[in-house]
Amino acid sequence: MKTQSAFKLNQKNPLLSFLQFSKTTQQILQIHAQLITTNLITDPFILSQLLLSLTSPNAPNLNYAELVFNRIHQPNSFMHNTMIKGYTQSSNPGKALNFYVNMRSESHLLDNYTYPFVLKACGVLMGLVEGREIHGEVVKRGFWSDVFVVNGLIGMYSKFGDMASARFVFDGSEVKDLVSWNIMLGLCVQSGDIRAAQKMFDEMPEKNVISWSIMIDGYGKVKKVGDVTKARLLFDHMPIKDMVSWSSMIDAYAKIGKVVAAHQLFDEMPEKNVISWSIMIDGYAQHGKPKEALNLFRQMLCQGVRPDMVSVMGAISACSQLGALDQGRWIHMYMKRTRITMDILVQTALVDMYMKCGSLDEAHRIFYSMPKKTVVSYNVMIVGLGINGFGEEALECFAQMEREGIPKDDLIFLGVLTACSHAGLVTEGFHIFERMKKDYKVEPKVEHYNCLVDLLARAGQLEQALNVIESMPMKPNSALWGTLLLACRTHRKVALAEFVVERLVELKADNSGVYVLLSNIYADVGMWNDALRIRKLIKDRNMKKETGSSAIEVDGNIIEFVSGEMNHVWSQELKSIVHSFLRMSIS
DNA sequence: ATAGGGTTAG
């Protein structure tokens with residue numbers, strides 16, 4: 001955005017000066033009211049300026065702009081183009097295309113300024129057919145030498161993800177600038193072809209910060225450790241960095257769970273915005289460090305950074321993981337109070353948070369007040385009901401989803417199956433699994449078989465579970481055997497457990513947890529020698545045991561308990577509580 | 001022309 005120059009009074013036309021200086025809609029409207037009373041209203045230059053002000057992204061008032069536009073007797077190209085630009089920028093590309101269609105009937109209005117805007121509208125609308133048609137028109141009318149038009153075309157094909165067409169325009173054009181190269185670079189990255197991007201990057205006659213940032217982002221998105229190193233190399237070598245380059249680099253680390261490296265850069269970056277904070281918060285939340293995520297969120301608020309919809313997601317997710325109901329509630333209230341808009345994604349995250357924190361009431365309230373629901377919203381609800389033991393309600397929710405005609409994906413079946421498994425609804429679960437293949441034509445994946453095995457095994461039907469594993473179309477993975485092994489303990493099936501461990505050894509997935517479980521199974525049925533033999537094996541192989549931990553929220557503080565560590569300030573109190581409960585249950 | 005967001009198994 002250009003900085004507003006100091007107010008200069010136009011002697012010949014004082015109103016015009018005010019108009020160009022006005023920033024808020026109210027000011028513009030006032031001036032317009034004055035304009036109507038004067039004869040200046042017919043001056044095309046004044047009217048153009050008025051439309052420009054009314055459609056500016058600072059204070060757009062497209063309805064009013066359209067009103068003014070319709071009262072103009074013979075709108076010129078500039079006015080048309082201003083309307084198209086305004087509609088595209090305020091995300092109403094359909095209207096923009098309408099304007100364009102109207103212009104076409106008087107083709108003298110169409111100039112080289114029209115096409116970039118209308119092509120952009122096609123890109124936003126995903127209007128593939130219209131886009132190609134306009135492409136043809138551009139060629140016919142010979143606007144090839146205009147780099148803005150060419151970039152409009154490349155940009156549009158880039159939005160469609162149509163590399164071939166974008167390349168065709170790019171290669172065939174005589175006029176390329178840095179923007180054209182950068183759009184192509186971005187398209188390569190977007191289609192996952194980092195090698196092609198690197199080739200272009202090397203060939204580019206000149207590069208700017210944006211080109212470098214695209215490459216860093218691209219290498220970061222490949223999500224392999226080696227490529228992140230490559231991203232870092234570029235990052236360290238680029239001549240000038242801006243917030244986007246820093247954020248892209250931090251995100252590259254955060255996405256692969258290298259939170260330490262990410263946080264270090266985050267501390268080093270000279271200037272932060274909401275996006276950089278969100279990246280860091282989400283990085284922690286997605287990699288098992290919800291406490292750190294919440295801490296950062298608090299820090300962000302302290303620094304006076306106003307959170308937006310996206311930046312609260314990480315914090316909400318952290319609350320779900322911690323079961324931190326009070327803090328989750330606080331964030332929810334904070335959003336209401338500070339009028340942060342909540343879209344489907346935020347609402348879904350909130351439903352998930354309330355469900356995971358066991359507050360079904362609040363989850364219900366949001367869920368049923370949602371104007372639109374997606375598969376994901378339903379999934380969150382169904383899984384939430386399931387983990388809270390309301391299997392029947394979960395199935396009812398699924399039925400409601402069917403009635404609303406929401407298309408299903410494979411994950412929703414995973415949700416329904418886990419809900420059944422948690423509630424012990426074996427026949428219902430089996431039924432859903434069958435219907436999944438038959439009625440919905442969704443091919444079950446290993447994860448679905450895992451759920452089915454879990455469902456049967458928990459209910460004690462271990463033979464059937466084994467049957468499923470042996471008859472399924474794909475190779476069973478270690479998670480699947482793990483599920484079965486866990487059920488072996490609950491149902492004391494020693495022989496089957498030994499069989500399962502053999503399979504896990506074959507898969508080289510026999511970690512310490514597996515042997516601990518096996519040893520416990522032996523111990524449960526009194527086979528002490530075997531139990532000891534396995535214990536010794538764990539010790540001899542020097543296998544490290546992952547320490548278990550859990551956390552609860554006490555008065556808004558997150559208290560973490562680590563297995564085996566009983567020296568926590570809360571431990572003594574906890575012990576006495578547990579003991580008094582035990583005494584109560586005995587007497 | 002470049003950066004951030006929701007769902008699964010313990």
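Values below: every heavy atom of this structure, side chains too, minus hydrogens, waters and symmetry copies. Chain A is the first sequence line, chain B the second, and so forth, proteins listed ahead of strands; every chain is numbered from 1. Since this is a predicted model, take the numbers as computed values, not measurements.
- Atom CD1 of A/I382 and atom C1' of B/dT7 are 10 Å apart (whole Å).
- A close approach under 4.0 Å does not occur between any side-chain nitrogen or oxygen of A/H448 and OP1 or OP2 of B/dA9.
- A/I387 has its CD1 atom 11 Å from the C1' atom of B/dT7, to the nearest Å.
- For A/Q264, the CD atom sits in a loose shell: 12 or fewer heavy atoms of surrounding residues, nucleotides or ligands are nearer than 6.0 Å.
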5' to 3', nucleotides 1-6 of chain B under a 4.0 Å protein heavy-atom cut-off (B base, S sugar-phosphate only, - none) gives BBBBBB
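- Contacts of A/H422 classified as side-chain hydrogen bond (donor to acceptor under 3.5 Å, both in side chains), with partners at least two apart in sequence or in another chain: none.
- Evaluation of the salt bridge (Lys or Arg N to Asp or Glu O under 4.0 Å) rule for A/K85 yields no partner, not counting sequence neighbours.
- Atom CG of A/L411 and atom C1' of B/dA9 are 11 Å apart (whole Å).
- For the ring pair (Phe, Tyr, Trp, His ring centres under 6.0 Å) test, no residue two or more places apart in sequence or in another chain qualifies with A/Y515.
- Listed by first and then second residue, the salt bridge (Lys or Arg N to Asp or Glu O under 4.0 Å) pairs involving residues 203-217 of chain A are A/K199-A/E203, A/D217-A/K221 (not counting sequence neighbours).
- Within the structure, every pair that satisfies the side-chain hydrogen bond (donor to acceptor under 3.5 Å, both in side chains) test and touches residues 379-396 of chain A, not counting sequence neighbours, is listed here: A/E396-A/R403.
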